[in-house]
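This report concerns only the one structure given below.
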2 protein chains.
Amino acid sequence: MARLSDVIEKFIKSLLEESEGELELQRNELADYFECAPSQINYVLATRFSVSHGYYIESRRGGGGYIRIVCLDVDKNNFLHYLVSEGIGSRITEHDALHIVQRLLEQNYIAPKSAGLIKSAITDKAIGIPSTLKDTIRANILKSMITAVMAWQGK
Amino acid sequence: MARLSDVIEKFIKSLLEESEGELELQRNELADYFECAPSQINYVLATRFSVSHGYYIESRRGGGGYIRIVCLDVDKNNFLHYLVSEGIGSRITEHDALHIVQRLLEQNYIAPKSAGLIKSAITDKAIGIPSTLKDTIRANILKSMITAVMAWQGK
DNA sequence: AATAATGAAGGTCAAAGAAAGTCAAAACAG
DNA sequence: CTGTTTTGACTTTCTTTGACCTTCATTATT
């Protein structure tokens, strides 16, 4: 079965496109529309629209309350540079690393093939060895690959 | 008496034919259908659908989870498949690895950007750690990336 | 005018549910 | 006896649900 959370995610993203990266919505209304618990909206926002996903959320409670989602626009080079110099750090989990690559893909900083290539290099399975060193190695490789991407400028 | 694992293998292969080499299935559903333990599905996949058998598996847990099986086009990717299943082996030096990638580039298996990306991931410097494990890790990562290239069909 | 009550939002968190993964022991086939 | 298959207990990951909490605007009361 298709996950409801994924459907809601897509829905919000399509709304965001129509409204040029900024959007205000009503939590209960949306929950009603999808016939789910209101807190599921929070779940979707937390797991798919966090800052690390490239979004910023603000909200207000009480009568006339709302949730506003803003699509952050970051400069590609700044972002890549930030990742290599501080974002990734000296160790990174598989989950966090894949998340970064997915973001690079969604922001169109890299092509799907490149994303696939990078992802394939940083999974636990790829690295193979069972050791705490894994996260260190992964960080090194990911930074190295992103550095290669930075060097692509203009082909 | 035909072994169940063989029956499941055949079943999955027939599904793959119907669906043009790519297929998503539910582990529990399949286990249910064959009245076996769910983990037997994993066994079948591990012993008959590995990369060296010419397949690539990805999956997701949790609600709405799935297992996806992709059939790698071994004929078309003969050389790549050879590299992954025997050519590279369990350890490889930086020099030999870079040489292989260069060759893939020259023979047009991969684009210049991809070659650059792959190279950036397999240097001693990228892997970072000073250890005899380096060559093992490099072999693993290189094989994983070449497998990703094999899975590109049509993308 | 100041305060209290009400209702309409949204927030949090933990438990339950729905998958898939791992591993090793037991069973079996040759 | 040896290698492969089958089973099942336990783990991990991700999603869904619901009970309870907080905030705010509006309206009623003093």
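Naming convention: chains lettered A, B, ... in sequence-line order (proteins, then strands); numbering from 1 in each chain.
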Polar atoms only, N or O, under 3.5 Å: list the protein pairs with nucleotides 18-23 of chain D and their distances.
unit_1	atom_1	unit_2	atom_2	d
dG18(D)	O6	Ser39(A)	OG	2.5
dT22(D)	O4'	Arg61(A)	NH1	2.9
dT22(D)	O2	Arg61(A)	NH1	2.8
dT23(D)	O2	Gly62(A)	N	3.2

Using nucleotides 3-6 of chain C, report all nitrogen or oxygen pairs with the protein that are shorter than 3.5 Å.
none

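Taking only side-chain nitrogens and oxygens, Ser59(B) comes nearer than 4.0 Å to OP1 or OP2 of dG21(C). For Asn28(B) and dA20(C), the shortest distance from a side-chain N or O to OP1 or OP2 is below 4.0 Å. Residue Arg60(B) has a polar side-chain atom (N or O) positioned under 4.0 Å from OP1 or OP2 of dT15(D).
Minimum atom distance to the side chain of Tyr43(A) is reached by dC14(D), of the listed dC24(D), dT6(D), dC14(D). Checking dT16(D), dT17(D), dT6(D) against the side-chain heavy atoms of Arg3(B) singles out dT6(D) as nearest.
Salt-bridge check for Lys13(A) with Glu106(A): passed, with a basic side-chain N closer than 4.0 Å to an acidic carboxylate O. Ion pairing between Arg3(A) and Asp6(A) holds under the 4.0 Å rule for side-chain N and carboxylate O.
Contact annotation for Ile41(A): no contact, since no heavy-atom pair falls under 4.0 Å across all strands. Nucleic acid contact class of Arg48(A) (heavy atoms, under 4.0 Å, all strands): sugar-phosphate only.
Across the protein-nucleic acid pair, Leu30(B) atom CG and dA18(C) atom P stand 19 Å apart, rounded to whole Å.
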